[in-house]
There are 2 protein chains.
Amino acid sequence: MSKPRSPSIKMVADRAGVSVATVSNVLNGKPSVSPDFALRVQDAVRELGYVVDIGASRLRSQKSQLAGVVVPDLTNPMFASFVSTLEHLARVDGFDLVVVSARNNPEEEADRLRNIRSWRPAGLIVIPCDGSFAERLPGGFSAPVVLADRIPDKPGFDLIAVDNSAAAGAIATHLENQGYKDCLVVGSWLSISNVRERWEGVRGAVKRLGVEVLEIGIDDPEGADRLERRLRGRQLPGALFVLDHGSSLLAYRTMAEIGLSAPRDIGFASFDDMEWMRLVAPGITAVRQPVEDMAEQAWALLLRRIRGSAGDPVTRRLRCAIEIRGSTSRSPHQEAGEAPKGGMTCTLQEGRYSPD
Amino acid sequence: MSKPRSPSIKMVADRAGVSVATVSNVLNGKPSVSPDFALRVQDAVRELGYVVDIGASRLRSQKSQLAGVVVPDLTNPMFASFVSTLEHLARVDGFDLVVVSARNNPEEEADRLRNIRSWRPAGLIVIPCDGSFAERLPGGFSAPVVLADRIPDKPGFDLIAVDNSAAAGAIATHLENQGYKDCLVVGSWLSISNVRERWEGVRGAVKRLGVEVLEIGIDDPEGADRLERRLRGRQLPGALFVLDHGSSLLAYRTMAEIGLSAPRDIGFASFDDMEWMRLVAPGITAVRQPVEDMAEQAWALLLRRIRGSAGDPVTRRLRCAIEIRGSTSRSPHQEAGEAPKGGMTCTLQEGRYSPD
DNA sequence: ATGAAAGCGCTAACAT
DNA sequence: ATGTTAGCGCTTTCAT
């Protein structure tokens, strides 16, 4: 039993009794083929189950219908959804996607970035692990790169992100309006640019609310300890605002373990609105990011760059929505244990969120 | 400004002052290269930022270091985690992965399956959309295929799945032991084999518990209506057992909207244990599937097949764990609204789950 | 140990 | 409208 190779264009040509060039022309929809020949080729293709070898095709034509996608972590629902949307859009435009995950590790990201070049993609969409992404991008990489979601330290890239600062500021203002006096702001790392932007958005927005920040890392037991100690300390903050989904999960679980319940003992809000935040009772006030929009815009931009439109790097900031739910309510009528309620959504208008 | 091409092996050879064959030998670690030449090549590679063209390499060597992965839906956390694990394992073995999502659509799956062949992957790992997967697999596909998670109607495939029937039966027994009299079993489609297996596991396990089943589809408003009507009807079942994650989300939300709370008004259990099920109060009793193990075993098996080990198709069933939490408790001390508690885990022993 | 040359499957340029 | 041929970047004989 020898290894059966996939049928080649030559076999199709032989079977149809035509030349390989004709087969290629039929497959690529070139006009200069007689209907008769086209049919014979299509028959042969079907009978053999022939599928073009995309690698050989690219090699010869020098045009790649392939885009690379690099995300920090596929198991993060935000990124999974981003990739899923991208994948669909790409296929509609006839592109394939090579998707790789850096598993939140800059070194792994650098490895993936190097490796993905061997595919000779026409372009790359990257959600970088952290701000120092530019140093990891292999020199002499000629294909266009569009960054999404996270902002690099160095400018000069096409970028599709959200208005982190404004949205975080809106949450801070909401907390202030609810009468909270002080707020502990928790995030993975301030070295991740949008976490930093969110924190700065909070600081820029508050008037009376006292704020302090705590970094707890990603999957870092020490960071988890720091948070737990802070929440067990005698100076319990009036509210907790968590700046990323991973940290929100951890914070919510930690609160539960300690026996703290929102909003009874402490206000609780989160950047990144995940499904479970509507399911717990009361629901959790959160910033909802337009992930699908980000994917759409990133893809559209990359496609333009691939098609050759040059020009200065584009930066676009998409608006988030704010979901006000029970976890930040100081009105007495909202009780813990009650069924989750609808809540209230507000969006940015003319550069300002108008909550409350 | 013309389009700058990636450096080729020829450019490296010129720069190092050697032949392309020598460059190739250095890159592929062939022993027959003098240290002197090897160094010169490595320098040239670094200076040019050369990365091998994996397509051209495969074309000539006829060996593909590429595996394809097809999943029904990347946004399902189970599948995302499956892919993420696979991706890591594959890279360790020097393989790249082409990942595609069928978006729960058999036609899209068929399209992806056809398309992925043009990459000439060395093998495929597929979580099929539904049981009739075999009909969608293009004829004459010679690379090995390993199925995971969902079971095809036709046998003859390598398969790594979980013990759906036993685990679902254990939940049913648990409900019975808790004193529930009847249970509504909800799933997307019984045509999805593991949903069917779970339902059959329930039926096979119950002695006194009255059971009925309801199919609600995937993202199907009509199905959602059916469920809501059933839960608003006068004959509210004693317990609800939902057989897949998507349906669990819907069911839990629907319950909340109606004002039903578990376990106060109705018992609630789920196949697929997601993070939020520990976060809501009380926690939700659920079957936890060994996703990472499934990915590991699927990859190991595929690698064996790629390396050439023939033999009859292998089927392996992995054991699930049962997480007993407050949502199925009939003891009065567990109250809704209380902080989520640790709960209790039990695993399969000698072919039987021993819950309660 | 090194290089020259053939050829993988395909498309593009050219010839008919 | 169709066929012939060269060559994309690489690995693999096969000489040397």
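Order of the sequence lines sets the chain letters (A, B, ...), proteins ahead of strands, with each chain counted from 1.
Rounded to an integer number of Å, the gap from B/Q65 CD to D/dC10 C1' is 15 Å. Straight-line distance from the NZ atom of A/K63 to the P atom of C/dT11: 11 Å, rounded to whole Å. With rounding to whole Å, B/R120 atom CZ is found 8 Å from C/dG9 atom C1'. One atom, CZ of A/R58, and another, C1' of D/dC10, lie 11 Å apart when rounded to the nearest Å. For the pair A/K10 NZ and D/dG3 P, the computed distance is 13 Å after rounding to whole Å. At whole-Å resolution of the value, CZ in A/R117 and P in D/dG9 are 14 Å apart. To the nearest angstrom, C1' of C/dC10 lies 15 Å from CG of A/D14. Counting to the nearest Å, the P atom of D/dT11 and the CG atom of B/D53 are 9 Å from each other.
With hydrogens and angles disregarded, no donor-acceptor distance shorter than 3.5 Å links the side chain of A/R120 to the backbone of B/I54.
For the residue pair B/S34 / B/D36, no side-chain donor-acceptor distance below 3.5 Å is found, with atom types taken as modelled. With hydrogens and angles left out, the side-chain atoms of A/Q65 and A/R58 include no donor and acceptor closer than 3.5 Å. Using modelled atom types and a 3.5 Å distance limit, the side chains of A/S81 and A/S84 yield no donor-acceptor pair. Between the side chains of A/S132 and A/D130, at least one donor N or O lies within less than 3.5 Å of an accepting N or O. A donor-acceptor pair shorter than 3.5 Å cannot be found between the side chains of A/W119 and B/D53.
Separation of atoms CZ (A/R112) and CG (B/D96) is listed at 8.5 Å; rounding is to 0.5 Å. The structure places CG of A/L86 at 4.5 Å from CD1 of A/I125, a figure rounded to the nearest 0.5 Å. One finds the CG atom of A/L159 at 5.0 Å from the OG1 atom of A/T315 (value rounded to the nearest 0.5 Å). For the atom pair A/S8 OG and A/D14 CG, the distance stands at 8.0 Å (nearest 0.5 Å).
Contacts between residues 24-48 of chain A and DNA chain C, defined by a heavy-atom separation under 4.0 Å, are made by A/S24, A/N28, A/K30.
No option in A/L89, A/L301, A/I160 other than A/L89 meets the side chain to side chain contact (heavy atoms under 4.5 Å, CB included) test with A/E296.
When the salt bridge (Lys or Arg N to Asp or Glu O under 4.0 Å) test is applied to A/R317, the partners found at least two apart in sequence or on another chain are A/E197. Residues forming a side chain to side chain contact (heavy atoms under 4.5 Å, CB included) with A/S191 (at least two apart in sequence, or on another chain): A/W189.
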Could you go over nucleotides 14-16 of chain C and give all protein N or O partners under 3.5 Å, atom names and distances?
none

Taking N or O atoms only and anything under 3.5 Å, show me the protein contacts with nucleotides 4-8 of chain C, one pair per line.
{"residue": "C/dA6", "atom": "N1", "partner": "B/R60", "partner atom": "NH1", "Å": "3.4"}
{"residue": "C/dA6", "atom": "N3", "partner": "B/R60", "partner atom": "NH1", "Å": "3.3"}
{"residue": "C/dG7", "atom": "N2", "partner": "B/R60", "partner atom": "NE", "Å": "3.4"}
{"residue": "C/dG7", "atom": "N2", "partner": "B/R60", "partner atom": "NH1", "Å": "3.4"}
{"residue": "C/dC8", "atom": "O3'", "partner": "B/Q62", "partner atom": "NE2", "Å": "3.1"}
{"residue": "C/dC8", "atom": "O2", "partner": "B/R60", "partner atom": "N", "Å": "3.3"}

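Taking five base pairs at each end of the helix from C/dA1-D/dT16 to C/dT16-D/dA1, the local helix axes there meet at an angle of 40°, rounded to 10°.
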